[in-house]
Amino acid sequence: MKKSFAWRPQLMRDTVMSKSRSRPALRRPTWIIALVSFICVFLILAYFYSPKNSASCNLFSSSGCLFGRTPPSPARELTDDETASEVVVREILKTPPLQSKNPKIAFMFLTPGTLPFEELWENFFQGHEDKFTVYVHASKEKPVHASRYFADRDIHSEQVVWGKFSMVEAEKRLLANALLDPDNQHFVLLSDSCIPLHNFDYVYNYLMYTNVSFIDCFVDPGPHGTGRYSKHMLPEVDRSNFRKGSQWFSIKRQHAIVMMADCLYYTKFKLFCRPNLDGRNCYSDEHYLPTFFNLKDPGGLANWSVTYVDWSEGKWHPRAFRTQDVTYDLLRNITSIAESTHITSEDKKRILNTPCLWNGMKRPCYLFARKFYPETLGKLVQLFSNYTKGFVAPLTDPWWHHLP
Ligand SMILES: *[C@@H]1O[C@H](CO)[C@@H](O)[C@H](O)[C@H]1NC(C)=O
Ligand SMILES: *[C@@H]1O[C@H](CO)[C@@H](O)[C@H](O)[C@H]1NC(C)=O
Ligand SMILES: *[C@@H]1O[C@H](CO)[C@@H](O)[C@H](O)[C@H]1NC(C)=O
Ligand SMILES: *[C@@H]1O[C@H](CO)[C@@H](O)[C@H](O)[C@H]1NC(C)=O
């Protein structure tokens, strides 16, 4: 079809010529026909086999030899490392999680030293000894433990500098240690200033009976979001792939293993998302996991964190609560929030509110909250059984019972 279009003018010229010229002159048009058709065949082959870039497309549409249809913009060819990564991640996500007789939640504390709220956490854990494990990564000094649930739960730790990649390394270290226990099915990252907002059963069922990971993830087109992106991350991470989110994740076992398997994106962020690179400050702990999981398994993310934090003051650090702030009303208010909030960092800030859907049902978003000053401990312990009362634990079968 394409070919016959190209041939027609030549054939017509051929017939005209054959009338006006003698036999030997005919040889030249035939030769031209052969040449032109050769060029067309060459162009067709070039189209299908050329490296997919816009130059070859332009060459095409301007060569009168071919059809008017513009070719679809072709997908980028994956690098070898990307293909390998794709295969490994896809296999892990396809493998149903290990069936544990005694599924537990790993509570992983990232702290400089002693945890001020161990007594509060003890109230939370009490009576559920077979359903959780605690891990503590103390990056500055050896903690003094006030609760039996925290004693001897320190893992090997390294120094962590705020905003540097050592933060992500510590998160990965905690996950690796927690993954050693095959009973751990869900992995929660917490800080020394975090408190529980619900009773243990509520938290356990909320995390265990859903098939998503609670990784905070949104697009912030402003300077504190995509403005931190560096072109050095190409080709694996395009600007349009760059995401932001709070570091305080809660992830299912499959995703924890996917994170262990990732070297490619991990290294990209380690090298090119750090403070003071090309005049920009990038913080890997706020970008690596949201960007990586949004690329690899967007449907497996809730896109909000189950750890509440108050950014409404618009300062560099979130609001930290003092003793006089801690009241029954405050805690009930936080536990009742059913929409997650993201604030972008453009000149004209935008507030994005999204309902929190747990297995498709609107539910309170938060299980934990930060930041609380150590001085609030007494008040929190006193209020704990009060503010966690009355919430009915979401009860369903474990999600893996519904696998096809
Ligand atoms: C999670 O479960 C829901 C409902 O059972 C299903 O529609 C969804 O595809 C599942 N998501 C993943 C990531 O498995
Ligand atoms: C989270 O965001 C991704 C991509 O933006 C989307 O595909 C996914 O459905 C979202 N998850 C939920 C639970 O809405
Ligand atoms: C709790 O929420 C109510 C209703 O939104 C508000 O009027 C009140 O000030 C809040 N209280 C605290 C302590 O945040
Ligand atoms: C919790 O304490 C507040 C006041 O401190 C009180 O009004 C409320 O009734 C208590 N709630 C429960 C469930 O005990």
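Keep in mind that the numbers below use all heavy atoms, side chains included, and drop hydrogens, waters and symmetry copies. Note that ligands are numbered from 1 as they come in the structure, with each ligand's atoms numbered from 1 the same way. Residue numbers start at 1 and run along the sequence shown.
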Handout entry: Proximity to ligand 2 by part of Asn303, non-hydrogen separation under 4.0 Å
Key = side chain
Fill in the blank from the handout: The option among Asp325, Ile337, Ile334, Asn333 carrying the non-hydrogen atom nearest to atom 6 (C) of ligand 3 is Asn333
Exercise for the section: Looking only at protein heavy atoms, identify the closest one to atom 7 (O) of ligand 2 and say how far it is in Å. Expected result: Pro298 CB, 3.9 Å
Problem - Nearest non-hydrogen protein atom, atom 13 (C) of ligand 2 - result: Leu301 O, 3.4 Å
Practice task
Taking all non-hydrogen atoms of both residues into account, name the closest pair between Thr376 and Phe372 and its distance.
Solution key: OG1-CB, 3.7 Å
Practice task
To the nearest 0.5 Å, tell me how far Gln382 CD sits from Phe384 CZ.
Solution key: 14.0 Å
Handout entry: Check: Gly299 N/O within less than 3.5 Å of ligand 2 N/O
Key = no
Practice task
Determine, counting only non-hydrogen atoms of the protein, whether one lies under 4.0 angstrom from atom 2 (O) of ligand 3.
Solution key: yes
Problem - Whether His342 and Phe218 hold their rings parallel, tilted or perpendicular, with breakpoints at 30° and 60° - result: parallel
Handout entry: Trace of the side-chain hydrogen bond (donor to acceptor under 3.5 Å, both in side chains) decision for Asp329 with Tyr387
Key = CA-CA 9 Å; Asp329 274 355; Tyr387 73 76; over 6 Å; no
Exercise for the section: Using the ring of Tyr204 (Phe, Tyr or Trp, six-membered ring only), decide whether Lys131 places NZ or CZ under 6.0 Å from its centre and within 45 degrees of its axis. Expected result: yes
Exercise for the section: Scan the protein's non-hydrogen atoms and note whether one is under 4.0 Å from atom 9 (O) of ligand 2. Expected result: no
Completion exercise
Counting heavy atoms under 4.0 Å, the part of Asn294 that contacts ligand 2 is side chain
Exercise for the section: Measure the spacing between CZ of Phe214 and CH2 of Trp358 and express it to the nearest 0.5 Å. Expected result: 8.5 Å
